[in-house]
Amino acid sequence: DAGVTQSPTHLIKTRGQQVTLRCSPISGHKSVSWYQQVLGQGPQFIFQYYEKEERGRGNFPDRFSARQFPNYSSELNVNALLLGDSALYLCASSFYSRQLNTEAFFGQGTRLTVV
Amino acid sequence: AQSVTQLDSHVSVSEGTPVLLRCNYSSSYSPSLFWYVQHPNKGLQLLLKYTSAATLVKGINGFEAEFKKSETSFHLTKPSAHMSDAAEYFCVVVNYGGSQGNLIFGKGTKLSVKP
């Protein structure tokens with residue numbers, strides 16, 4: 001089975017632009033979460049979607065939005081990009097939304113550079 | 001509120017010597033704790049997890065961790081380091097707040113292994 005797939009792997013954008021990142025979870029997984037990992041830091045939680053509904057949101061501005069599709073894939077959108085948005089964006093999939101006694105499987109991430 | 005503190009940002013060992021990566025946690029309920037590893041330019045891989053079963057948890061690649069409630073610690077150990085263990089290691093606690101679960105990461109410990 002394929003693992004969690006993210007696209008694109010690398011992206012360079014200019015300040016003020018908008019970006020869309022994509023994630024396909026492991027087959028059968030209904031929960032997708034997004035994390036931002038700034039260089040030298042641990043990942044920080046952005047969003048969780050389960051059964052196509054937002055179930056949780058981290059401490060990120062409204063410029064960040066996401067959605068989940070009927071096939072459980074997900075998109076993360078970031079508007080009005082700032083230099084500080086440069087980071088590795090990780091997608092994680094799991095079967096349950098509360099991750100009780102289950103693990104989250106991470107994709108390889110999308111490296112976003114804002115110039 | 002849930003949190004984890006990784007006590008060392010960088011640990012350097014010689015190949016064949018023991019590894020100790022330290023993590024303290026804070027949790028208002030019985031925690032679920034994980035250790036993840038991230039090799040350069042790779043995604044996150046689960047090493048091991050504690051979910052209130054045995055306090056000594058064995059993981060992949062010879063790693064293990066001991067949950068000590070009295071010390072609020074979850075240190076990661078390995079008897080003998082291998083060059084391939086050089087990576088970033090993250091201690092993680094699950095946040096069950098609200099209707100969703102998300103992962104709270106420590107800042108990471110970079111493990112260097114000298115020949």
Side-chain angles (χ1 to χ4, degrees), chain A residues 2-7 9-10 23 25-26 29-60 66 68 87-111, chain B residues 1-10 21 23-25 27 29-54 57 59-60 65 76 87-110:
Chain A
V4 179
T5 57
Q6 293 186 243
S7 63
T9 54
H10 293 84
C23 172
I26 292 172
H29 283 190
K30 300 180 179 180
S31 176
V32 170
S33 298
W34 288 94
Y35 291 80
Q36 181 197 63
Q37 186 178 17
V38 174
L39 197 63
Q41 299 291 321
Q44 281 198 294
F45 172 66
I46 310 175
F47 285 111
Q48 186 190 62
Y49 276 77
Y50 179 68
E51 289 282 16
K52 301 178 286 294
E53 291 186 3
E54 181 183 307
R55 295 301 183 97
R57 172 187 286 254
N59 188 23
F60 280 81
Q68 187 176 33
L88 180 67
Y89 288 84
L90 295 163
C91 173
S93 84
S94 60
F95 189 77
Y96 294 113
S97 66
R98 292 179 66 81
Q99 300 179 332
L100 284 169
N101 294 321
T102 69
E103 63 184 86
F105 294 85
F106 283 85
Q108 300 281 67
T110 294
R111 174 73 63 187
Chain B
Q2 320 301 102
S3 68
V4 287
T5 302
Q6 293 185 244
L7 301 175
D8 306 291
S9 58
H10 190 197
L21 305 184
C23 173
N24 287 345
Y25 71 90
S27 177
Y29 40 75
S30 182
S32 292
L33 294 160
F34 301 77
W35 276 98
Y36 278 85
V37 62
Q38 187 176 38
H39 288 92
N41 301 314
K42 296 285 180 88
L44 290 159
Q45 181 184 19
L46 181 69
L47 275 179
L48 49 82
K49 59 183 177 182
Y50 167 78
T51 53
S52 74
V57 182
I60 62 171
L76 181 70
E88 189 93 24
Y89 291 79
F90 294 97
C91 182
V92 180
V93 65
V94 180
N95 173 36
Y96 291 117
S99 63
Q100 50 82 31
N102 63 275
L103 304 180
I104 297 174
F105 286 77
K107 293 187 175 182
T109 298
K110 183 176 181 180

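Because the structure is a prediction, the values reported are computed rather than measured. Reminder, nothing fancy here: chain letters follow the sequence lines and each chain counts from 1.
For B:Gln38, the part lying under 4.5 angstrom from a heavy atom of chain A is the side chain only. Neither the backbone nor the side chain of B:Tyr50 comes within contact range of chain A; no heavy atom of the residue lies under 4.5 Å from a heavy atom of that chain.
Counting heavy atoms of neighbouring residues, nucleotides and ligands inside a 6.0 Å radius, atom CG of A:Leu39 does not exceed 12 of them. Heavy-atom neighbours of B:Lys107 NZ from other residues, nucleotides or ligands within 6.0 Å: at or below the threshold of 12. Within a 6.0 Å sphere centred on CD of A:Gln36, heavy atoms belonging to other residues, nucleotides or ligands number more than 12.
Note on A:Gly109, A:Gly107, A:Gly42: by heavy-atom pairs under 4.5 Å with chain B, the leading option is A:Gly42.
Atom CG of residue B:Leu103 and atom OH of residue A:Tyr35 lie 3.5 Å apart, to the nearest 0.5 angstrom. How far CG of B:Asn102 is from CZ of A:Phe45: 4.5 Å, rounded to the nearest 0.5 Å.
Residues B:Phe90 and A:Gln37 share a closest heavy-atom pair of CZ-NE2, 3.4 Å.
In this view, A:His10 and A:Arg111 satisfy the side-chain contact (heavy atoms from CB on, under 4.5 Å) rule, not counting sequence neighbours.
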